[in-house]
Structures are given as C-alpha cells and as structure tokens.
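As structure tokens, the structure follows; a few thoughts come after it.
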Amino acid sequence: MASEGDVVLSYHNCLLRRSDQILLQGCGWLNDQLIAFSFEYSEYDLFKDSASCVAFISPDVAQFIKLSTTDAEVGMFLEALDLPNKQLIFLAINDNDSSVSMGGSHWSLLVFWRSDYSFRHYDSCGSYNERVARDVARKLQPHIGPPGKKASFIHEQSPQQQNGYDCGLFVICTAEHLCRQNLQGCQVSLQEAVTQAAVTRKRKDILKLIADLGSRDTE
C-alpha cells in the first residue's frame with residue numbers, strides 16, 4: 001500500500017512524494033516542491049532552447065533572498081546562476097516569514113525583464129504580496145546588473161483567482177505564458193490565456209506529467 005512519503009518522481013534537483021501528488025488531486029494549496037518542479041520542467045524541458053537567457057529561481061532560494069540580511073549572503077547563493085546575463089528571471093514569492101518552517105498562505109510571481117530593466121509583479125489576489133515582492137526585488141537588485149543601476153517596480157494587472165487555493169497554479173501558468181510570449185512569439189494575451197478554467201485544467205496536466213515522467217524513470 002502506497003504511503004504519503006513514497007517518492008513518485010526524481011527530476012533533476014526536485015524530489016516529489018505521494019503527499020505532493022495528493023495536493024493536485026483536489027483543492028490543495030501548492031507547496032514549494034510542486035512549484036520548484038514546474039520551474040525546473042520549464043528550465044530543462046519546455047524552454048530548454050532559451051536556457052542561456054532565462055533563469056527560474058526555486059522557491060527555497062527566493063525565500064532565502066527574502067530573509068537574507070546582507071548582500072554577501074544573497075550573492076553566495078546566486079553566483080552560479082549568471083543572472084547579469086539573463087534576459088528574464090522568474091521567482092515565486094511566498095508570504096511566509098519563517099526561516100525554519102515551510103508554509104505561508106499565498107504565492108505570487110516576480111519577473112525581472114532586462115529589456116526595460118524592470119521588476120514586474122503578477123499577483124492573482126490583488127496586491128496581497130506586493131510588499132514582499134518589493135523587498136525581494138530590492139535585495140536581488142545588486143546581483144542582476146551594473147552597480148548603481150536601479151530597476152523599476154511595476155505591479156501588473158494579473159489574472160485573478162476565484163478561490164482561496166489556486167495561487168500557486170496561477171504562478172506556474174503565468175510564468176509559462178510569459179515565456180511563450182517572449183521566447184516563442186505567442187500573440188495571445190495573458191488575460192486570455194491564464195483563466196480560472198485554464199488553471200483548473202493545469203492541475204490535471206501536472207498530475208499527468210508527473211505520472212508520465214515517473215513511469216519513464218521506471219522503464
């Protein structure tokens with residue numbers, strides 16, 4: 001009999017367990033592991049041809065940036081990511097203020113755009129995470145480009161969730177669509193593409209993807 005601790009997928013730096021998979025089967029709030037997996041899948045599969053110009057920063061690193069107290073601490077974690085040469089940088093922002101426990105109540109998406117040197121914040125619940133996103137942007141600023149050059153901060157008009165649990169899926173869907181627009185020339189607007197219905201379908205899509213990749217591992 002399967003237990004919630006059983007590993008269902010090992011994918012690059014991400015390990016998913018049955019407990020993570022269960023969150024996708026109903027109305028579960030997505031955790032760090034599921035968002036990290038989706039970001040890694042974007043990096044290593046969906047948009048692998050653009051890996052040299054795009055960075056997907058994992059939720060645990062974004063959390064470390066948020067809670068860091070010095071530029072040196074942040075730089076130690078980011079040095080290997082070559083951020084000054086990336087055109088797009090994606091971070092999932094969480095409102096959890098704890099350095100010792102996982103959790104929080106809301107996810108949003110912060111994106112750095114080198115084309116106009118801006119941080120853009122996409123929040124599916126109004127401006128709930130704006131303060132946190134601004135703080136992460138401020139701490140990331142010294143590690144993305146020339147010293148002294150300041151990026152603007154823009155709170156975007158993001159598609160809005162219609163329930164209290166789909167924020168993580170809005171982060172994933174928004175990040176993927178922005179990549180399709182900016183890396184693959186997709187002309188569909190964000191508001192048209194990232195709807196509540198599309199986000200609901202995404203749960204099933206990710207479940208199937210995990211199952212497909214997991215079965216591939218066992219072949």
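All heavy atoms count here, side chains included; hydrogens, waters and symmetry mates do not.
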Compare every heavy atom of Phe64 with every heavy atom of Glu73, then report the nearest pair and how far apart it is.
O-CE2, 3.4 Å
What are the two closest non-hydrogen atoms of Ala193 and Ala198, and how far apart are they?
O-CB, 3.4 Å
Is the shortest distance from a Lys or Arg side-chain nitrogen in [X] or [Y] to a carboxylate oxygen in the other one below 4.0 Å?
| X | Y | answer |
| --- | --- | --- |
| Arg201 | Asp205 | no |
| Lys48 | Asp45 | no |
| Asp166 | Arg203 | yes |

Is the side chain of [X] donor-acceptor paired with the backbone N or O of [Y] at a distance under 3.5 Å, no angle test?
| X | Y | answer |
| --- | --- | --- |
| Lys66 | Val136 | no |
| Ser215 | Asp212 | yes |
| Ser42 | Ser38 | yes |
| Asn182 | Cys179 | no |
| Glu40 | Ile35 | no |
| Asn129 | Ile93 | yes |
| Asp123 | Ser108 | no |

Starting from Val194, can I reach Val188 by hopping between I/L/V/M/F/W/Y residues whose side chains sit under 4.5 Å apart?
no
Count I, L, V, M, F, W, Y as connected when their side-chain heavy atoms are under 4.5 Å apart, and connections chain through other members. Are Val54 and Leu83 then in the same cluster?
no
Does Lys86 qualify as a cation-pi partner of Phe112, given the criterion of NZ or CZ under 6.0 Å from the six-membered ring centre and within 45 degrees of its axis?
no
Test side-chain contact (heavy atoms from CB on, under 4.5 Å) applied to Leu140 and Leu91, step by step:
CA-CA 11 Å; Leu140 190 60; Leu91 304 96; 3.8 Å; yes
Distance-only donor-acceptor check, side chains [X] and [Y], under 3.5 Å:
| X | Y | result |
| --- | --- | --- |
| Ser127 | His155 | no |
| Asp95 | Ser105 | yes |
| Arg18 | Gln21 | yes |
| Ser118 | Arg120 | yes |

Hey, which of Trp107, Tyr165, Phe170 is the one that makes ring pair (Phe, Tyr, Trp, His ring centres under 6.0 Å) with Trp29?
Trp107
Go through the steps for Ile206 and Ile172 under the test side-chain contact (heavy atoms from CB on, under 4.5 Å), then give the verdict.
CA-CA 10 Å; Ile206 297 175; Ile172 292 168; 4.0 Å; yes
For the NZ atom of Lys204 and the NZ atom of Lys202, what is their distance to the nearest 0.5 Å?
14.5 Å
Look up atom CG in Leu15 and atom OG in Ser10, then write down how far apart they are to the nearest 0.5 Å.
5.5 Å
Run the numbers on Arg131 and Asp135 for salt bridge (Lys or Arg N to Asp or Glu O under 4.0 Å), then give the verdict.
CA-CA 6 Å; Arg131 178 191 61 80; Asp135 190 40; 5.7 Å; no
Verify side-chain contact (heavy atoms from CB on, under 4.5 Å) between Tyr44 and Tyr11, making sure each step is shown before the conclusion.
CA-CA 10 Å; Tyr44 292 109; Tyr11 180 84; 3.5 Å; yes
Side chains of Gln191 and Gln160 in contact at under 4.5 Å (non-hydrogen atoms)
no
Heavy-atom check, side chain of Tyr41 versus side chain of Leu209, under 4.5 Å:
yes
side-chain contact (heavy atoms from CB on, under 4.5 Å) assessment of Leu34 paired with Leu16:
CA-CA 7 Å; Leu34 287 168; Leu16 294 180; 4.2 Å; yes
For the CD atom on Gln187, are there more than 12 heavy atoms of other groups (residues, nucleotides or ligands in this structure) within a distance under 6.0 Å?
no
Where does the angle between the aromatic ring planes of Trp113 and Tyr122 fall among parallel (under 30°), tilted (30 to 60°) and perpendicular (over 60°)?
tilted
Can you check whether Phe90 and Phe56 have ring centres sitting under 6.0 Å from each other?
yes
